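A quick note: this is a predicted structure, and the numbers were derived from the prediction, not measured. Each chain gets a letter, A, B and so on, in the order the sequences are listed, and its residues count up from 1.
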There are 2 protein chains.
Amino acid sequence: MAELSLPELDPTSDRAVFRQIADHIREAIEQGTLAEGDKVPSEAQLMQHYGVARMTIRNALQVLQSEGLTVAEHGRGVFVRSHPPVRRLASDRFARRHRQEGKAAFIAETEGAGGKPSVDSIRITEEEAPADVATLLGLAEDARVIRRSRRYLINGQPVETAVSYIPAEIAMGTRIAEPDSGPGGIYARLEELGYRLDHFVEDIRSRMPLREEMRALRLAPGVPVFRLVRTAYTTDGKAVEVCDTVMSSDAYVLSYELPAR
Amino acid sequence: MAELSLPELDPTSDRAVFRQIADHIREAIEQGTLAEGDKVPSEAQLMQHYGVARMTIRNALQVLQSEGLTVAEHGRGVFVRSHPPVRRLASDRFARRHRQEGKAAFIAETEGAGGKPSVDSIRITEEEAPADVATLLGLAEDARVIRRSRRYLINGQPVETAVSYIPAEIAMGTRIAEPDSGPGGIYARLEELGYRLDHFVEDIRSRMPLREEMRALRLAPGVPVFRLVRTAYTTDGKAVEVCDTVMSSDAYVLSYELPAR
DNA sequence: TTGACGAACTCCTCTAGAGGAGTCATAAAG
DNA sequence: CTTTATGACTCCTCTAGAGGAGTTCGTCAA
């Protein structure tokens, strides 16, 4: 606390005490007085400084945590959250030229950036298409699909979970229904099967993660996720795959190029 | 509470009591037992039901609120958050054909969907370009830009704030530097000035809102925002505008079409 | 040198209160 | 019929404690 000098409370303010305290710490973070990874003064120190009860301090720290500004580590302290390196997903990442080099988009991209990509928890099942997926694929309600779910990691850190749905009538008996879908990934396989890919549509949402997502992606509290649903269309206008991915929003920037014509 | 039957606590569990309570209510919401807009049992009722202290209940409700599942209304109760109608932003929304109809993208789109669009808080200044904007526009560090900031509303509800930066050497003295930029918006003006727009690049991030953003967009707690930075390029490859927008993530789905070639 | 122990520190969970302030329906007063 | 009060209900803020559990580091014995 000697290092960090926080202001005093303003007793004339009608802003709640715990909010004032949160404001002070937030300002210190925004101004860089408290840098990434720095330790925030302990509860005891803050109680002492402000002369308030422990719960008031904890309320203030709770605010900052749910804003994604800090993380608490049991037994160690509260720290200013540090941001992981950001991955940029460009809109040409599924271009055929990449696919033809024999690597799946994720692998090629990650190695290009100097990281060690890996894929995890691959599970393949055949099941009835969920309603929204059936709609996107233009299938009947009870149509069956191959479901490929997996998790992507970079240097051992999980960054993204993905679930692909491919109509069973297309994928059944092909390598698409195998855990290792082969060089170039399932898009390469689809093209080999004669489905000439024309374009993708990506729908992007953002929200707070579910509990399973926090666990699977090892997310800090206060970090939202992107949910990206990609549908692949052939030159005939037929949808052949839907991929539903969830990724940590602070590890990604999504980048798209769109025509002005 | 008569209507809603929550499970009892599991005393053998090592999961904290307030987390168990949050889990119960979360499940009720996910299963639809508690629907959008429904009132969650009051603190007093939950205290009674679980036989725990008020702070324990408040902790549980706090968890749900920061997950964006509920909103508390002072004096009224805690309610399951209802989601506003979602606006889909398609990647062709800046197509020239729309521009030529004489309406700015936002206005045309909103009217098409049956809403009443309006624009608010328009402020135009000339200033030095922020560092990141200067980089995107390919300008020198001390270059001057026209800064157009405004807020978009639908049926009186704010949905998006936006700040555009246009190099002063382009915009100075033109209608771009006026509050009313005229039919078709500033992209139409740029084309009239001879800057033929070729494509846009949009970078999308997501994070928890700052306090000002929560106020400006009237965001509920636990709702992240999209930050979308769009750069407009001419056929010469010159960047002529950067637009930095912040929008409520639960009012928007961003949709992009990308080529597979 | 190594390893076990313990003290001091950290955040986490929970209790049991108090007063404040916003909302709403109802009853009383105009 | 309108307006004003009142009371019951809601969530909000804050206090003052208690014990628990994880981390760190120095001490001391082997």
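Partners of A/R207 by side chain to side chain donor-acceptor pair (under 3.5 Å), not counting sequence neighbours, listed by chain and number: A/E213. Remark: A/E128 pairs with no residue by the salt bridge (charged side-chain N to carboxylate O under 4.0 Å, His left out) rule, at least two apart or across chains. Applying the side chain to side chain donor-acceptor pair (under 3.5 Å) rule to B/R87 yields the partners B/T110, B/Y252; only residues at least two apart in sequence or on another chain are considered. Listed by chain and number, the residues in a ring-ring contact (aromatic ring centres under 6.0 Å, His included) with A/Y152 are A/F106 (sequence neighbours excluded). For B/R230, the side chain to side chain donor-acceptor pair (under 3.5 Å) partners are B/Y187, B/E202, not counting sequence neighbours. Checked against ring-ring contact (aromatic ring centres under 6.0 Å, His included), A/Y256 has the following partners two or more places apart in sequence or in another chain: B/Y256. Residues satisfying the salt bridge (charged side-chain N to carboxylate O under 4.0 Å, His left out) test with A/R215, not counting sequence neighbours, are none. For B/E126, the side chain to side chain donor-acceptor pair (under 3.5 Å) criterion is met by B/R144, not counting sequence neighbours.
A salt bridge is defined here as a Lys NZ or Arg NE, NH1 or NH2 lying under 4.0 Å from an Asp or Glu carboxylate O, and B/R151 with B/E160 fails to meet this definition. Residues B/D10 and B/R15 are not paired through a salt bridge, judged by the lack of any N-O separation under 4.0 Å between the basic side chain and the carboxylate. In this structure, B/E67 pairs ionically with B/R26, as a charged nitrogen and a carboxylate oxygen lie closer than 4.0 Å.
Among C/dT15, C/dT10, D/dT10, the nucleotide with an atom closest to any side-chain atom of B/A44 is D/dT10. If you check C/dA16, D/dT10, C/dT10 against the side chain of A/S42, the one that comes closest is C/dT10.
Between A/E43 and A/R58 there is a side-chain heavy-atom pair separated by less than 4.5 Å.
Comparing A/R15 and B/V40 by the nucleotide of DNA chain D whose heavy atom lies nearest to each, the residue mapping closer to the 5' end is B/V40. Between B/E43 and B/M55, the one whose closest nucleotide on DNA chain D sits nearer the 5' end is B/E43.
Atom CD in B/Q48 sits about 12 Å away from atom P in D/dT10, given to the nearest Å. Taking atom CZ on B/F79 and atom P on D/dT10, their separation rounds to 11 Å, with Å as the unit. In this structure, the CE atom of A/M47 is 14 Å from the C1' atom of C/dC12, given to the nearest Å.
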Would you give a per-nucleotide map of nucleotides 19-27 of chain D, 5' to 3', where B means the base has a protein non-hydrogen atom under 4.0 Å away, S means only the sugar-phosphate does, and - means neither? -BBBSS---
What is the per-nucleotide protein-contact pattern of nucleotides 3-8 of chain D, from the 5' end, where B denotes a base atom under 4.0 Å from a protein heavy atom, S denotes such proximity for sugar-phosphate atoms only, and - denotes neither? ------
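Using modelled atom types and a 3.5 Å distance limit, the side chains of B/S66 and A/S66 yield no donor-acceptor pair.
DNA chain D is contacted by A/T56 of residues 56-73 of chain A, taking any non-hydrogen atom closer than 4.0 Å. Across residues 16-27 of chain B, not one residue has a non-hydrogen atom less than 4.0 Å from an atom of DNA chain D.
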